[in-house]
Peer 1: 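First the structure, which I've put down as structure tokens, then a few questions once you've had a look.
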Amino acid sequence: MIRVFCFLLLSVSTCYARVYELPPEGSSLVGNIEYHEVIRGETIADIADDYDVGFLSVMAANPGVDPFLPKPGTVLVMPTQIILPQVPRKGIVVNLAELRLYFFDPDSDRVYVFPVGIGRIGRDTPEMDTYVSQKRPNPTWTPPDSIRKEYLKKGKTLPDVVPAGPDNPLGKFALRLAYGKGDYLIHGTNKDFGIGLRVSSGCMRMNPDDIDWLFHHVKVGEKVKVIDEPVKVTLEPDRTVYLEAHEPLTRSDGSKKRLLVPQTLRWWLDENQLSDDLAKAVIISQNGIPKEVAHH
């Protein structure tokens, strides 16, 4: 069951968000797969930005493609069909395993989906249930001691406070989260890379246009849920089962979540005497594309 996908140009700022109509009750599949033919001179990062999807998501969907010099004429699968996470469809939801942020608009039956950069190994972004505690336009940045030490090892001394402006790594907008000491933010960037990658110090980094739009559409107190679910499954109303699997994150201690066929899906397959071979293949591929694994 394929839902309608569209690009929207929004009035507050230019935001090339992936915008999906919410599916009817009992359905979690949105969007459709799109394809892109590589033009000479394009990189995977360029293409990912054009479609507003994550760099690693494009690479996972197209294994073996050179990220810097993809061959002209190569047809890429774009990860633009999604199984929505199995969480309440409210506020902001970040699935770390997908490197995606979902915003469920309370004023419409739409979900806006954005790629995000998250914490690198050693600076893991934690799972959390929290809310937006502060909205900060033109934020300053006070580097914590741990980051100061990292920069000193590279021979760089950070100022006590980095003022707003082009040298500020938080970009033009930041949403502070009420978690821990309030050190975690959803923010923009002053760099032209890092979206859809594990590169931050623990915060969630968005494209400048994306955070501009999100900043102006959320309120202080907006619910934020950060999860780490590399495997998603949906049994659609027409009795078709789709499965989507992403490479699990490596955590600071070297551990990874073990990917298994979800127990709920296994019970359903057993009850209907159906094979789990297709489900196992999706788990092994970890390409982030929803695949039909059963129909009954």
Side-chain angles (χ1 to χ4, degrees), residues 48 53-60 79 82 85-87 91-103 113-134 136 139 141-154 156 158 162 168-171 174-191 193-207 210-211 214 222-232 244-260 283 286-288:
V53 295
F55 176 87
L56 290 182
S57 296
V58 178
M59 292 302 300
I82 298 170
Q86 297 300 310
V87 296
I92 294 171
V93 176
V94 177
N95 189 355
L96 300 172
E98 298 178 72
L99 293 103
R100 283 184 182 133
L101 182 151
Y102 298 81
F103 174 60
V113 184
F114 306 93
V116 291
I118 63 171
R120 63 187 181 273
I121 298 174
R123 294 281 184 180
D124 301 335
T125 303
E127 297 180 68
M128 62 181 91
D129 278 288
T130 184
Y131 59 90
V132 174
S133 62
Q134 185 183 28
R136 297 170 57 194
W141 179 46
T142 304
D145 289 340
S146 57
I147 293 180
R148 290 182 189 283
K149 291 176 181 177
E150 288 181 11
Y151 273 76
L152 282 173
K153 290 179 181 179
K154 301 174 185 177
K156 299 179 181 179
L158 291 174
V162 178
N168 192 309
L170 302 184
L175 302 172
R176 183 177 294 281
L177 305 183
Y179 182 83
K181 296 180 180 179
D183 294 333
Y184 291 97
L185 307 172
I186 299 171
H187 64 79
T189 180
N190 65 340
K191 298 180 174 63
F193 69 94
I195 308 303
L197 294 169
R198 295 193 66 184
V199 295
S200 80
S201 297
C203 293
M204 288 154 276
R205 182 184 298 179
M206 299 181 69
N207 282 316
D210 291 349
I211 185 62
L214 185 66
E222 192 83 59
K223 296 293 185 183
V224 178
K225 187 176 185 68
V226 181
I227 61 175
D228 180 15
E229 297 297 338
V231 178
K232 299 182 293 180
E244 178 185 332
H246 299 259
E247 181 179 359
L249 300 178
T250 300
R251 289 298 185 175
S252 297
D253 61 4
S255 65
K256 284 186 175 184
K257 286 191 174 183
R258 186 183 177 193
L259 298 197
L260 299 170
I283 295 292
Q286 299 175 17
N287 67 0

Peer 1: Main chain of Gly202, side chain of Thr125: is a donor-acceptor contact present, judged purely on distance under 3.5 Å?
Peer 2: yes
Peer 1: Please tell me if the side chains of Ile92 and Leu214 come closer than 4.5 Å, counting only heavy atoms from C-beta onward.
Peer 2: yes
Peer 1: May I ask you to decide if Val224's main-chain N or O and Thr130's side chain share a donor-acceptor pair within less than 3.5 Å?
Peer 2: no
Peer 1: So Ile227 and Gln86, do their side chains get closer than 4.5 Å, heavy atoms only?
Peer 2: no
Peer 1: Hey, mind stepping through Arg251 and Lys257 against side chain to side chain contact (heavy atoms under 4.5 Å, CB included) and telling me if it holds?
Peer 2: CA-CA 9 Å; Arg251 289 298 185 175; Lys257 286 191 174 183; over 6 Å; no
Peer 1: Can you give me the closest heavy-atom contact between Gly171 and Pro139, atom names plus distance?
Peer 2: O-CD, 3.6 Å
Peer 1: What closest approach, in Å, do Cys203 and Ser200 show between heavy atoms, and which atom pair accounts for it?
Peer 2: O-OG, 2.6 Å
Peer 1: Sequence neighbours excluded, which residues qualify as salt bridge (charged side-chain N to carboxylate O under 4.0 Å, His left out) partners of Arg100?
Peer 2: Glu98, Glu244
Peer 1: For Arg120, which residues count as a salt bridge (charged side-chain N to carboxylate O under 4.0 Å, His left out) partner, sequence neighbours excluded?
Peer 2: Glu150
Peer 1: Could you grab the distance from atom OG1 of Thr142 to atom CG of Asp145, nearest 0.5 Å is fine?
Peer 2: 11.0 Å
Peer 1: Applying side chain to side chain contact (heavy atoms under 4.5 Å, CB included), run through Arg198 and Asp124 and close with a yes or a no.
Peer 2: CA-CA 9 Å; Arg198 295 193 66 184; Asp124 301 335; 3.1 Å; yes
Peer 1: With the side chain counted from C-beta on, respond yes when His187 and Pro169 share a heavy-atom pair under 4.5 Å apart, and no when they do not.
Peer 2: no
Peer 1: Counting C-beta onward and ignoring hydrogens, is there a side-chain heavy-atom pair between His246 and Asn95 closer than 4.5 Å?
Peer 2: no
Peer 1: Could you tell me if the side chain of Asn207 sits less than 4.5 Å from the side chain of Pro115, heavy atoms only?
Peer 2: yes
Peer 1: What closest approach, in Å, do Trp141 and Leu158 show between heavy atoms, and which atom pair accounts for it?
Peer 2: CH2-CD1, 4.1 Å
Peer 1: Might you point out which heavy atoms bring Leu96 and Ile118 nearest each other, and give the distance in Å?
Peer 2: O-CD1, 3.7 Å
Peer 1: Does any non-hydrogen side-chain atom of Ile195 lie less than 4.5 Å from one of Arg205?
Peer 2: yes
Peer 1: Side chains of Leu177 and Met204: closer than 4.5 Å at any heavy-atom pair?
Peer 2: yes
Peer 1: Any idea which heavy atoms bring Thr189 and Met206 closest together, and the distance?
Peer 2: CG2-O, 3.7 Å
Peer 1: Would one find more than 12 heavy atoms of other residues, nucleotides or ligands at under 6.0 Å from atom OH of Tyr102?
Peer 2: yes
Peer 1: When rounded to the nearest 0.5 angstrom, what is the spacing between CG in Leu170 and CG in Leu185?
Peer 2: 6.0 Å
Peer 1: Taking everything shown except Lys149 itself, do over 12 heavy atoms lie less than 6.0 Å from its NZ?
Peer 2: no
Peer 1: Contact between Leu56 and Leu197 at the side-chain level, heavy atoms closer than 4.5 Å - yes or no?
Peer 2: yes
Peer 1: Counting only heavy atoms not in Lys223, do more than 12 sit closer than 6.0 Å to its NZ atom?
Peer 2: no
Peer 1: Restricting to non-hydrogen atoms, name the atom on Asn287 and the atom on Ala60 that form the minimum distance, rounded to 0.1 Å.
Peer 2: CB-O, 3.3 Å
